[in-house]
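Just so it is clear: chains get the letters A, B, ... in the order the sequence lines come, proteins before strands, and each one is counted from 1.
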Amino acid sequence: NFPQERQVEMAGRVAKFLISGARLAGVRHYSSDARTVTLIPGDGIGPEISAAVQKIFSAAEVPIVWEEVDVTPVKGPDGKFGIPPAAIDSVNRNGIGLKGPLMTPVGKGHRSLNLAIRKEFNLYANVRPCRSMEGYETLYRDVDVVTIRENTEGEYSGIEHEIVDGVVQSIKLITEPASRRVAEYAFQYARNNGRSKVTAVHKANIMRMSDGLFLRCCREAAERNPDIKFEEKYLDTVCLNMVQDPSKYDVLVMPNLYGDILSDLCAGLVGGLGLTPSGNIGEGGAVFESVHGTAPDIAGQDKANPTALLLSAVMMLRFMNLYNHATIIEQACFETIKEGNFRTGDLGGKAKCSEFTDEICRKIQERNG
Amino acid sequence: WCEAQHVLPFFSMASFTRSLCSFSRINLGLQGSRVLTQVPNLSSRRTFTASKPFPVAQYGGRFTVTMLPGDGIGPEMMGYVQNIFRYAGVPVDFEVIQITKNSTDDEFENAMICIRRNGVALKGSIESKYGNASSGSRNATLRTQLDLFANVLHCKTYPSIQSRHSDVDIIIIRENTEGEYSMLEHENVKGVIESMKIITRKGSERIARYAFEYAIRHGRKKVTAVHKANIMKLSDGLFLETCRSIAKEYPEIEFSDMIVDNTCMQLVARPQQFDVMVMPNLYGNVVSNVVCGLVGGPGLLSGRNYGEHFAVFEPGTRNTGASVAGRNIANPVAMLNSACDMLEHLDLQSHADLIRDAIDRTLNVDKIHTADLGGQATSLDVVQNIIHVIQANTKDSSW
């Protein structure tokens with residue numbers, strides 16, 4: 001019964017909403033319906049810890065529907081091994097993925113699966129927050145660093161050749177669009193998560209043109225984001241200071257290789273890869289993963305520690321704007337580790353994976369009333 | 001061979017070269033075989049990689065050494081070194097060459113000639129000018145031109161310095177001339193820059209052999225190669241393969257390899273598991289800074305750069321220290337340790353011991369620490385204490 005103009009206006013608004021929603025479909029979701037998320041359980045302890053996360057999420061009543069896929073490489077029509085197309089479609093459709101540890105078979109000619117997933121979904125930034133965990137003390141108490149690493153190019157471009165016998169050349173590729181993307185993301189992340197400083201890590205005194213370009217892109221991004229502090233430091237200075245006083249750094253942004261080393265260094269400061277979450281942000285979506293290995297020696301024995309995958313899933317919730325659920329689950333996890341009765345073997349306790357999971361579920365249910 | 005020419009003038013150069021080659025451990029074709037005997041006439045302190053003895057400029061009992069103060073804290077530190085050498089009666093004269101970030105290529109060339117003439121240099125860090133992409137880092141150029149292929153850092157915890165880890169005793173041997181520091185970059189398309197990392201079999205063989213020889217000579221048990229061959233399969237793969245094949249020639253040394261990110265994680269958790277570490281250039285930069293941080297910071301350790309013919313000594317972490325320059329708070333111990341390493345290289349062991357003992361007394365007994373070690377002293381306090389200790393120890397000796 002609305003008048004003509006009103007109808008047109010409403011239609012326009014609905015259309016605009018749909019279009020903007022479609023554009024942001026991979027990134028934000030404004031309705032409260034259940035989101036579908038692709039789950040890649042992985043190998044080794046992967047299935048156990050994925051099951052643990054699913055259990056905790058249902059205890060917390062998170063509005064998520066899981067879609068499990070298998071990424072074991074299959075032989076494509078061209079004879080090369082690749083990710084099965086069903087998995088690719090799933091992640092492209094849903095835009096968000098949670099991945100457990102994958103086993104990379106050793107051997108030349110077979111590209112690392114992790115690298116393949118990254119390239120396929122154009123995941124350009126790897127974000128790894130490292131925070132000292134209460135209840136699992138290491139020699140470093142005050143660590144609260146986030147490493148943001150460029151994930152697609154740099155030293156890991158995979159371009160290598162043997163020029164003459166005994167001389168090998170490996171090419172490090174740095175491009176302006178990629179550097180600009182990751183720099184912009186770093187500042188965005190800092191703003192969204194209440195961080196005050198972004199440090200660009202580089203080696204522009206030696207690699208003048210490549211790291212010089214990266215640095216220029218970071219500087220430009222800093223100018224566009226004047227509310228966040230920006231500084232640039234050499235890689236060796238950062239390494240030196242990180243092991244002496246990690247509280248000096250807040251958010252670090254850097255190219256691929258330095259990021260790899262530094263993010264593992266920071267993980268070592270807080271207790272290793274078994275406790276570190278990791279997220280890979282792409283233009284159309286994101287994949288969150290646990291970065292530890294598949295631990296084949298304890299697979300199937302209910303001894304695994306699901307903390308890394310759980311914290312990655314919490315990162316995913318925050319990315320999806322489900323902040324409340326994220327905080328509840330995270331708090332439950334930290335409290336369980338702090339109290340110490342239900343720690344798994346790698347944290348020095350004796351609890352089984354299922355016991356740890358049940359304790360977290362119990363805490364969540366207590367909290368929710 | 002110059003000695004050979006004096007002694008045996010009747011032999012032709014070529015045949016003598018060939019017979020010498022068969023005796024030297026590292027022959028010119030680098031087909032190193034362990035069975036052959038040691039190189040004659042080399043004191044074990046001078047290093048075992050050179051096929052000929054190191055040239056040192058020694059006139060009338062006094063050595064001449066090139067000194068490159070560099071930028072930042074370099075000039076101050078060099079001043080302290082000269083001062084302390086005077087009190088310790090060290091028979092070394094310095095030829096000081098100022099290379100700063102504004103030096104021209106000609107001045108740099110002259111500095112190279114000077115180092116080649118003297119054979120030994122003591123160096124601070126030269127700052128790089130950012131804007132000009134065509135001139136490479138002067139420090140790196142120096143190393144490649146003089147072919148200083150091995151950078152050796154001996155990191156040991158000091159008993160009185162506060163650090164989170166104790167009992168660290170790691171030797172880092174880092175390839176110094178190739179790898180990521182080849183400084184070959186180009187922009188083919190606007191906005192896309194390629195930087196080459198070059199790894200050669202010859203370079204890897206050299207550094208691997210150096211590492212194993214060093215381990216044997218200094219009674220070390222284990223050598224760990226640090227690499228990233230799972231991702232950079234050809235380049236770091238070549239390095240790793242070469243290390244493995246050299247390891248077979250030294251069965252008494254335990255050899256293992258580790259990926260660089262795992263290495264960093266292990267270093268911050270349990271650094272005591274490492275003994276000797278050998279690695280390509282960039283990882284060496286990261287690992288040496290991590291270990292220096294674990295041991296007590298950039299102010300303590302010295303780095304030695306050895307080539308086939310030349311040796312250059314500098315502070316271990318190669319910082320210019322621009323933020324602490326001119327304020328009398330920098331830690332002079334790193335530069336003094338480098339100077340002592342240089343004295344050992346020149347075979348002036350007694351003088352080196354004298355100064356090292358004084359440094360040891362100052363740090364561990366008198367506990368005069370500068371700000372980076374958590375203390376309140378100034379650089380001058382440290383230096384003056386060292387001088388007092390030296391004076392006390394040399395009161396009764398006459399030069």
Side-chain angles (χ1 to χ4, degrees), chain A residues 104 106 108 112 115 138-140 155-163 165-177 203-215 234-245 257-258 260-269 271-273, chain B residues 127-128 130 132-137 139-140 163-165 180-181 183 185-187 190-202 228 230-238 260-262 264-269 282-283 285-294 296-298 317-319:
Chain A
T104 310
V106 175
K108 285 198 180 174
S112 153
L115 260 180
T138 58
L139 294 167
Y140 298 87
E155 297 81 349
Y156 293 3
S157 47
I159 311 172
E160 294 183 298
H161 3 263
E162 186 163 12
I163 308 177
D165 180 38
V167 178
V168 177
Q169 155 190 312
S170 168
I171 297 192
K172 160 178 165 166
L173 206 65
I174 301 266
T175 58
E176 204 174 330
K203 255 207 108 47
N205 53 344
I206 303 284
M207 292 185 249
R208 296 193 167 208
M209 286 171 78
S210 34
D211 282 356
L213 173 62
F214 181 81
L215 209 51
Y234 285 132
L235 174 65
D236 26 356
T237 312
V238 173
C239 286
L240 197 57
N241 290 333
M242 189 66 82
V243 292
Q244 291 187 294
D245 185 17
L257 177 67
Y258 315 149
D260 195 0
I261 303 179
L262 264 182
S263 57
D264 280 359
L265 181 69
C266 296
L269 296 177
L273 291 176
Chain B
E127 208 174 296
S128 320
Y130 262 125
N132 194 357
S134 57
S135 66
S137 154
N139 300 310
S163 66
R164 288 182 176 94
H165 308 266
E180 296 82 351
Y181 288 31
M183 292 190 287
E185 299 178 297
H186 45 256
E187 186 167 7
K190 176 127 180 38
V192 176
I193 300 201
E194 288 184 350
S195 171
M196 317 268 193
K197 160 179 164 166
I198 313 271
I199 302 259
T200 59
R201 183 173 292 127
K202 177 171 157 209
K228 190 109 186 123
N230 54 343
I231 304 283
M232 292 194 251
K233 297 190 164 74
L234 282 186
S235 36
D236 283 352
L238 176 62
V260 62
D261 27 359
N262 191 16
C264 288
M265 264 198 292
Q266 300 288 334
L267 275 173
V268 290
L282 183 68
Y283 312 144
N285 183 302
V286 172
V287 170
S288 56
N289 276 281
V290 170
V291 180
C292 282
L294 293 175
T317 49
R318 297 178 178 167
N319 293 333

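Residue A:L257 touches chain B through its side chain alone, counting heavy-atom pairs closer than 4.5 Å. Both the backbone and the side chain of B:E187 come within contact range of chain A, judged by heavy atoms closer than 4.5 Å. Contacts between B:H186 and chain A at a heavy-atom distance below 4.5 Å involve the backbone alone (N, CA, C, O). Proximity to chain A involves both the backbone and the side chain of B:L294, based on heavy atoms less than 4.5 angstrom apart. For A:Y140, the parts lying under 4.5 angstrom from a heavy atom of chain B are both the backbone and the side chain. There is no contact between A:T138 and chain B, counting heavy-atom distances below 4.5 Å. Both the backbone and the side chain of A:I206 come within contact range of chain B, each with at least one heavy atom under 4.5 Å from a heavy atom of that chain. Looking at B:L267, neither its backbone nor its side chain comes within 4.5 Å of chain A, counting heavy atoms on both sides.
With A:D245 contributing its side chain and A:N241 its backbone, the two residues share no donor-acceptor pair below 3.5 Å. Side-chain N or O atoms of B:E185 include none that pairs as donor or acceptor with a backbone N or O of B:I193 at under 3.5 Å.
Listed by chain and number, the residues in a side chain to side chain contact (heavy atoms under 4.5 Å, CB included) with B:S288 are B:L153, B:I172, B:R174 (sequence neighbours excluded). Residues passing the side chain to side chain contact (heavy atoms under 4.5 Å, CB included) test with A:D260 are A:R149, A:Y156, A:D264, B:K228, B:D261, sequence neighbours excluded.
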